[in-house]
Every structure is written in C-alpha cells, then in structure tokens.
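For reference, the structure discussed in these notes is given below.
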Number of protein chains: 2
Amino acid sequence: MNKTTTQDKILDAAEQLFASTGFADTSLRQITSMAQVNLAAVNYHFGSKKELIQSVLQRYLSVLMPRLDQEFSQLLSSQKQNDLTAVLSVFIKPLLELNKVQHHGTRMFLQLLGRGYTDVQGHLRWFFNHHYGRTLDKFVLLVQQACPDLPASEIFWRLHFSLGTVVFTMASNQALQEIAAADFNENVEIEGVIHRLIPYLAAGIASPLTLSSQAH
Amino acid sequence: MNKTTTQDKILDAAEQLFASTGFADTSLRQITSMAQVNLAAVNYHFGSKKELIQSVLQRYLSVLMPRLDQEFSQLLSSQKQNDLTAVLSVFIKPLLELNKVQHHGTRMFLQLLGRGYTDVQGHLRWFFNHHYGRTLDKFVLLVQQACPDLPASEIFWRLHFSLGTVVFTMASNQALQEIAAADFNENVEIEGVIHRLIPYLAAGIASPLTLSSQAH
DNA sequence: ACTAAATTAAAACACCTGTTTGAAATGTAC
DNA sequence: GTACATTTCAAACAGGTGTTTTAATTTAGT
C-alpha cells in the first residue's frame, strides 16, 4: 500500500507553496486544495498555521542539524588547526543529503530557510534557537578558532553578513538560476551555487581588519 | 505656516511602518491612523497601496540615484585603475546624505530597501530596473574593471551574494545593532555598519577563483 | 460672494484570511 | 456486529484587507 497520509500530503504541498510564495502569502486554502484534502485538516492535524510552518521546517531540521552537530563536534575535538574553508565545507554533505528526505529536498529546504528569515516570523527565530542553539554555538566557536586574529564582535558582524548572503541567495535562488541560464548560458544546480558561495564567504569572513572598519 | 500636507503625513507614517513591519504586514489602516488622516486619503492621493510603496521609495531614490550615477560616470571616465574598495566606497557619501531628506533617512531608506527585496514585491524589482537600470549597469562595469580576472558570470553571482548581505543586514539592522550593543557593548551607527560592510564585500567579490568554484 | 474644483470624511463593498463547529463517514477493538 | 475513537467534510464564523462610493467640507479663482 504505502499510501501517503493526510499529514504528509499537507506537508508536501505546504513546503512547495511556502518555498515559492513565502509563508505569509500562502493561504491554507491554497495548501489544502493542492494537497487535495479538506481545509479543516490543517487545524485538525497541526493545530494552526504557525505550527504547520514549524512542522514543515522540522522535517528537514531534525535530519540536518544532528548531522551538522556531529561534524562540528568532530572538528572541534580534532586538535588540528581548521581553516575557514574546511569549517564552511562541513555544510555541504549534510545539506545535499536532504535530497534523500524529499525529491528536491536540498533546494526546497534552503529556499524555506531563506523564507524563514526574510519573512520575519518571530516564532521561527525562537523555534530555531530553542532547538538548535547549541549546535550553532559550536559552529561559531569553530569560526573563531579559524580566525584567531578577529575580535568576537567582528566575527559576529561578518557571520551575519554571511547569513544574509546565504539566506538571500537561497530565497531568490530560482530567479537567480533563471537569469544565469538566460544571460550566461550556464546551468547551475544548487550544488554549484553552494560551491560558489563557500570561497566567497570564506574570503569575506577572513578578510583582514582595515583602518576604516576599526575606526567605527 | 509650512504645514505638512496630507500626502507627506502619509509618506512619513508609511515609511516608518514599512521599515519596521514590512510592506505586506502593514495595513493602510495602520498608516492612516498613525498619519491621522482618513483611510480613503491613500487611494485618493496615491491611487493604490502599490503606488504608495513606490512613492515612499521614490522619495529617496530620486535623490540617491542621480548622485550615484554621477559618481559612477566620473569614476568611469577617469582613466586610472579603480580598485574595488574605491568603487564600493562611492556609495558611502550619497547614502549618508539621505539624512538630509529625512531625520533618520539613511537608516530608514536602507531598511526599506531591504524590505523591498525580501518581501518579494515583484513590482518593486521592475520599478527599480525600469528607472535606474542604466545607473546599475555603470556600477557593474566598474566592478568588472576592478576585477579583470573574473568572468562576467562569476561577477554576476558574487554581486548577488553581496546584494544579499546588504539587503539582509539592512532589513534586520535594528535587531543586529541591539544584539551588538547587548553582547559586545558596542554602539554602532548605520555609518559604522557600512564601514564594516565594505571590506567584507570587497574581499568576497575579489576572492580568487578556486578549483571547486570553477568545477561547477 | 459665488462658483467650481480639490480635498476630506464615514460608510459600505467585495473579498480573503485562519479557525471552529457539528454532523457524516471511516477505521478499530472486542 | 456493535460500540468507540479517529478522521473527514461542508458550512459558518469572526475579523481583517484594499478599494469604492457618496456626501460633506474646504480651498481657490473670478
């Protein structure tokens, strides 16, 4: 049999619509109509739209974050000096393995992540920090070890600059890939974008302190 | 007398609410109530909410963009080799001068710009390209001249990565400054953030091509 | 001061939102 | 097969949205 449950039908439709239209601009009626289930099913199975959004993300995060956490711990315990590119590259494999969770899991998840941060749904930030703050701390520690010359506050800013790049790129990933295909005849998969991102981010994060940045 | 007109009262209230709550999540009723004008005044004076959003941005863009255009042209005509930091630094003065348009003009405008790109209001992208595409082309040309070793497609991607940083940082600027103040005891004005951004962006954009980025 | 245009005002409009209700249908255990 | 719990369904609910309408008011020109 292996029939998909109502909950899964809702999750599948929701993540697709959320990724392409955003959380706020996707209505429950769109979701239930695409999933071919009754409107009331969302509130019955998930309680509210808010909890549905969290469930959609949780399906990926519960796979991704433990894997990342493990990799971070491993890198932290290995005594060798980790360079920044190595630290950032930790994300690649766990991210790409999300394609096993869903057909286009990686792209979908990253797009959702972008939406999650750009649509400033306050509850999502809380949800993430509450569940995965520890893992995040390990990552920050690794970056600090890789950039011993940078003060913590500078790393704070640069990591948020980088978060902006990732989030924005992923949120507008589809549009960017279409432009790249049209203007430069190049077809980049999500994997290609990730491999373009890492050296860019590493160079920005590790850039030497300048007079002008220190003055302010 | 010098009394503020209804239109200005609406623009002032709208930009404040748009900047802090986003375009979609700000209702006309919130705006008109803060501006202390009648609800119907928005549609009477601006036609629609869409056009109000454009008008709010236009108030800043019509000051900023001609100034940027002029600076770009000047840099293009000067025959000397411009380095990337110099090109990016062109933005600083015109941006900070937006404080003359409104009290907190610079911060407000950048926050609005962030909102404009993260709330994917399609009409805003069109509006911007339609009015200021020429100016943008000059900027891209300057970057290409500063990075002669990078193929155009790579520059395309890196400029969009950078756009992500700027837009995201500006959209969440308020939250970031609060965290920085709490965690690192440092009070950064918008000017400080800009001076932190430029070396970060320059390093990312100018980073050398790597094997992994070329392979994909 | 009179007229005509521009502006303000209150109310209604049509539509969409997330959520709840109560009955019908389905599944499950004994 | 009967009782019970789970799930589905259509309908309604309460509230919010941008926009329009129609009348009242203010402003400006002669």
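We name chains A, B, ... by the order of the sequence lines, and we start the count at 1 in each one.
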Next on the checklist: Using C1' atoms of five pairs at each end, report the bend of the helix from dC2(C)-dG29(D) to dC30(C)-dG1(D) rounded to 10 degrees.
Outcome noted: 10°
Item to check | Any donor-acceptor N/O pair, K138(A) side chain to L75(A) backbone, under 3.5 Å | outcome: no
Checklist entry - Which class fits the ring pair F91(A) and F139(A): parallel under 30°, tilted 30 to 60°, perpendicular over 60°? => result perpendicular
Checklist entry - When the distance from CD1 of I10(A) to P of dG18(C) is rounded to whole Å, what number comes out? => result 13 Å
Checklist entry - Is any side-chain N or O of H45(A) closer than 4.0 Å to OP1 or OP2 of dT6(D)? => result no
Checklist outcome for this item: Judged by nearest nucleotide, the residue sitting upstream toward the 5' end of DNA chain C, Y44(A) or Q30(A), is Q30(A)
Next on the checklist: If I take atom CD in residue Q7(A) and atom C1' in nucleotide dT8(D), what distance separates them, rounded to the nearest angstrom?
Outcome noted: 13 Å
Next on the checklist: Mind checking if T32(B) touches a base, just sugar-phosphate, or nothing, with heavy atoms under 4.0 Å?
Outcome noted: nothing
Checklist entry - Taking atom P of dA11(D) as reference, at what distance in whole Å does atom CG of N43(A) sit? => result 18 Å
Item to check | Between dT20(C) (P) and K49(A) (NZ): distance, integer Å | outcome: 15 Å
Next on the checklist: Rounded to whole Å, please give me the gap between NZ in K50(A) and C1' in dG18(C).
Outcome noted: 12 Å
Checklist entry - Please give, in whole Å, the distance from dG16(D) P to L28(A) CG? => result 17 Å
Next on the checklist: Just the rounded figure in Å: distance from C1' of dT19(D) to CD of E51(B).
Outcome noted: 12 Å
Checklist entry - Is the phosphate of dC16(C), meaning OP1 or OP2, less than 4.0 Å from a side-chain N or O of S27(A)? => result no
Item to check | R158(B)/E154(B) ion pair, N-O < 4.0 Å | outcome: yes
Next on the checklist: Any donor-acceptor pair under 3.5 Å linking the side-chain atoms of S48(B) with those of E51(B)?
Outcome noted: yes
Checklist entry - Do NZ/NE/NH1/NH2 and the carboxylate oxygens of E191(A) and K93(A) come within less than 4.0 Å? => result no
Item to check | N or O in side chain of S48(B) less than 4.0 angstrom from dG18(D) OP1/OP2 | outcome: no
Checklist entry - Between N38(A) (CG) and dG18(C) (P), how many Å, whole number? => result 14 Å
Checklist entry - Between the side chains of Y200(A) and S162(B), does any donor sit under 3.5 Å from an acceptor? => result yes
Item to check | No-H, no-angle donor-acceptor pair, R29(B) side chain to dG16(D) base, under 3.5 Å | outcome: no
Checklist entry - Looking across every strand, which nucleic acid part, if any, lies under 4.0 Å from T5(A) by heavy atom: base, sugar-phosphate, or nothing? => result nothing
Checklist entry - Which pairs pass salt bridge (Lys or Arg N to Asp or Glu O under 4.0 Å) with one or both residues in residues 6-17 of chain B, sequence neighbours excluded? => result D12(B)-R59(B), E15(B)-R59(B)
Next on the checklist: It should be established whether T6(B) places a side-chain nitrogen or oxygen under 4.0 Å from OP1 or OP2 of nucleotide dT7(C).
Outcome noted: no
Checklist outcome for this item: Heavy-atom nearest nucleotide on DNA chain C taken for A40(B) and for L39(A); more 5' hit belongs to A40(B)
